[in-house]
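For clarity, every value in this text was computed on a predicted model and none was experimentally measured. No hydrogens, no waters, no symmetry mates; every other heavy atom, side chains included, goes into these values. Residue numbers start at 1 and run along the sequence shown. Counting starts at 1 for both ligands and their atoms, following the listed order.
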Amino acid sequence: MHDVLIAGGGPVGLFLAGELALSGCSVMVLERDQEPGSPLTALPLGLRGLTAGSAEAFYRRGLLEAVVRASRADEKQVGADPDAVDAPAPRGVSHFAGMGLDAADIDTSALPFRLPGPAMEGFMTSLDAVSAVLSRWVAGLGVEIVRGAPVTAVTQDEGVVVAAAGGQEYRGRWLVGCDGGRSVVRELAGFDFVGTEPLFTGYVARVSFADPQQLRLGFTLTPNGMYLRTPFDGHVGMMDFDGGAFDRSTPLTREHLQAVLRRISGTDVELTDVHLATSFTDRAMQASTYRNGRVLLAGDAAHIHSPLGGQGLNLGIGDAVNLGWKLAATVHGHAPVGLLDTYTGERHPVGASVLDWSRAQVATMQPGPNAPALQRLIHDLMRTSDGTTHVYRQTSGLFHRYDLGSEHPLVGRTVPDFRFDDGTRLGDLMRQGHGVALDFSTDTALQVTAKGWEGRIRYAGGRVRKDLGFRALLVRPDGVVAWADEDAPDRDAFAQAVTRWFGHPESASA
Ligand SMILES: Cc1cc2nc3c(=O)[nH]c(=O)nc-3n(C[C@H](O)[C@H](O)[C@H](O)COP(=O)(O)OP(=O)(O)OC[C@H]3O[C@@H](n4cnc5c(N)ncnc54)[C@H](O)[C@@H]3O)c2cc1C
């Protein structure tokens, strides 16, 4: 029996598998598809924007460089339109309803507690690049991946979950459904999935054009919806406000795609061929809880929404890093009471706010007599420094603050990448998935106290180049600040904070 079974070896399932294995859990991934990757996950259709928040998650596990390298290698292979190479790549992470942000307008003084580090910005990648790096990582950590194993039945009792997949039965102490937007685990385990129905059908395709210059590069909002043309050869997207009426089980023909693109773009653009196409909608649904007994959900299995603003994968990576260490502590028997339920408590509101953000964009784009007035208003607001900063705050993945019951503005937020005088960065100290006790004082009190939690937290003391006024901080394995002290560190308060998040020192340990 495995500690944890994961249904779905997409990016979220793989990230979670790595987090759990890093913490000493035995993990098996049951993946429906026989082969990794597909034309839909490769560039250009697999193009995805990662936020700075996700870049931090990769950085803290020592994977950022590899993902960036794999993404650049993919881009080179696919090539770009000769007439488009000088145009800026569309920044999936920096627009609202197709209206771009100007980074120069961000008011950085309104975004305190940031320190320069390797993960300062988001970047464009592909699902294949992300999955390739994560697959190598989890293989090195001993995660077993069973391919050609679609989960078709789930039963659970007090101590065990049994998943049937590919004609076999697999047993685990826990099961996490990371099996995407049409999650079978979500349905079999009886989760509610609630939200709003679609207003549009979206398409992404790789086509050949007779006259591509009729279409502008980047996002173009029109009276009939929105289209996107990227610098990748023949890569287009469009959003057609048909009330979600298009039957997505029917083949996507050249005639249909051309008719939709002509109507939305207001041109007579001619598609000479369609090489690959897929559709999506803006259906926005979320599981009302992310845990039902021994079954949990993460990624698209827990929430779906339109891809506008490129948030789904980022949201899922956030789920994986939030859940991994909590589930591992539960498996090892040292989790404080209620720790696992903070997963829903913390991640559900973040998911709900991303769904709302997506709905607000859809409402802004929805064609109608009042649409231009609303779009002009939002465009004007976004051109103000406050407006740009607000959109950046919402979409960069750096400024969510979990309510951990503290008034301190950094508690509940991602930790700045402190750098010690010897050059060591905090991100380097987090590669093994431990929590970190950061101590910038000259006192030994915290060091002595931290020893009680060896194997769960790592103590790091010394002088840092910029301490931002802090004397000590407790950082969770997901990079979230759990406790912060600006005075001489209070040993009792520190011990209380460590116990709250990492359990009693004498409880079972990995
Ligand atoms: C056009 C488009 C553009 C997007 N752009 C962005 C972007 O720029 N930024 C961003 O953050 N997000 C973006 N997204 C969203 C993003 O792609 C998803 O949120 C992300 O892929 C979700 O990852 P996942 O691992 O949860 O699910 P998936 O990627 O769907 O992976 C699920 C895995 O589970 C497997 N599976 C399915 N059923 C079963 C089963 N029964 N048993 C076992 N395995 C199963 C599947 O084969 C798959 O490998 C975009 C989405 C679309 C459609």
Side-chain angles (χ1 to χ4, degrees), residues 5-17 28-38 40-41 43-51 53-55 57 71 89-95 122-128 130-131 134-135 145-154 163-166 170 175-189 201-206 228 230 235-239 248 276-283 297-320 351 354 358 395-397:
L5 300 175
I6 295 178
V12 175
L14 291 175
F15 211 126
L16 178 65
M28 175 179 271
V29 177
L30 304 170
E31 165 55 43
R32 178 192 62 195
D33 294 348
Q34 195 68 51
E35 297 298 329
S38 79
L40 293 176
T41 55
L43 286 181
L45 265 63
L47 184 71
R48 297 293 182 268
L50 286 183
T51 60
S54 294
S71 315
R91 306 278 301 197
V93 288
S94 57
H95 75 92
F123 58 94
M124 300 309 288
T125 185
S126 69
L127 286 172
D128 273 0
V130 170
S131 294
L134 290 174
S135 297
I145 302 185
V146 186
R147 296 200 152 273
V151 171
T152 48
V154 172
Y170 299 90
L175 168 68
V176 189
C178 299
D179 50 339
R182 296 180 183 174
S183 172
V184 168
V185 171
R186 184 180 69 221
E187 198 167 320
L188 292 171
T201 302
Y203 305 87
V204 276
R206 184 166 193 180
L228 164 70
T230 81
H235 180 212
V236 285
M238 47 207 159
M239 276 138 239
R248 292 174 61 213
L276 185 65
T278 186
S279 64
F280 56 90
T281 74
D282 59 312
R283 215 168 160 246
L297 300 175
D300 279 14
H303 36 66
I304 54 164
H305 54 85
S306 83
L308 286 165
Q311 295 284 303
L313 175 57
N314 294 293
L315 191 57
I317 290 172
D319 293 345
V354 169
S358 165
T395 54
S396 64

*Gly299: numbered ligand 1 atoms lying under 4.0 Å from its heavy atoms*: 26 (O)
*Asp179: what forms a side-chain hydrogen bond (donor to acceptor under 3.5 Å, both in side chains) with it, not counting sequence neighbours?*
Ser183
*For Gly310, take its heavy atoms, then give the atoms of ligand 1 lying under 4.0 Å from any of them.*
6 (C), 7 (C), 8 (O), 9 (N), 10 (C), 11 (O)
*Just distances here: any N/O of Gly49 and N/O of ligand 1 closer than 3.5 Å?*
yes
_Using side-chain contact (heavy atoms from CB on, under 4.5 Å), reason through Met239 and Asp282 one step at a time and then give a plain yes or no._
CA-CA 9 Å; Met239 276 138 239; Asp282 59 312; over 6 Å; no
*Please could you name the atoms of ligand 1 that Pro307 approaches to less than 4.0 Å, counting only its heavy atoms?*
2 (C), 3 (C), 4 (C), 50 (C), 51 (C), 52 (C)
*If you look at every heavy atom in Leu45 and Arg48, which pair is closest and at what distance?*
O-NH1, 3.2 Å
_Atoms of ligand 1 close to Val151 [distance to a heavy atom under 4.0 angstrom, numbered from 1]_ = 40 (C), 41 (N), 42 (N), 43 (C)
*Please work out whether any backbone atom (N, CA, C, O) or any side-chain heavy atom from C-beta onward of Ser54 is under 4.0 Å from ligand 1, and answer side chain, backbone, both or neither.*
neither
*Side-chain heavy-atom pair Val354, Asn314 within 4.5 angstrom cut-off*: no
*With backbone taken as N, CA, C and O and side chain as the heavy atoms from C-beta onward, which portion of Arg182 lies under 4.0 Å from ligand 1: side chain, backbone, both, or neither?*
neither
*Polar contact flag for Ala301 and ligand 1 (N/O pairs, less than 3.5 Å)*: no
*Who are the side-chain hydrogen bond (donor to acceptor under 3.5 Å, both in side chains) partners of His235, not counting sequence neighbours?*
Thr230
_Suppose I only count heavy atoms of Asp33 and a 4.0 Å limit; which atoms of ligand 1 are within that range?_
47 (O)
*Is Leu30 touching ligand 1 with its side chain, its backbone, both, or neither, if touching means heavy atoms under 4.0 Å apart?*
backbone
*Should Thr395 and Thr51 be marked as a side-chain contact (heavy atoms from CB on, under 4.5 Å) after you check the CA-CA gap, both sets of side-chain angles, and the distance that decides it?*
CA-CA 7 Å; Thr395 54; Thr51 60; 5.7 Å; no
*Side chain, backbone, both or neither: which part of Asp179 comes within less than 4.0 Å of ligand 1 when only heavy atoms are counted?*
both
*Compute the shortest N/O to N/O distance between Pro150 and ligand 1 and return yes if it is under 3.5 Å, no if not.*
no
*Would you mind running through ligand 1 and noting each atom that sits below 4.0 Å from a heavy atom of Gly312?*
10 (C), 11 (O), 12 (N), 19 (O)
*Backbone N/O of Gly37 and side chain of Thr41: donor-acceptor pair under 3.5 Å*: no
*Closest approach of Arg147 to Pro36 (non-hydrogen atoms, all atoms of both residues)*: NH2-CB, 3.5 Å
_Do Leu40 and Leu276 make a side-chain contact, defined as non-hydrogen atoms from C-beta onward lying under 4.5 Å apart?_
yes
*asked:* Is Cys178 close enough to touch ligand 1? Criterion: a residue heavy atom under 4.0 Å from a ligand atom.
replied: yes
*Check ligand 1 against Val184 and write out every atom of the ligand that is under 4.0 Å from a heavy-atom position of the residue.*
41 (N)
*In ligand 1, which numbered atoms sit nearer than 4.0 Å to a non-hydrogen atom of Pro11?*
23 (O), 25 (O), 29 (O)
*Can you check whether Arg182 reaches Ile304 side chain to side chain, under 4.5 Å on heavy atoms?*
no
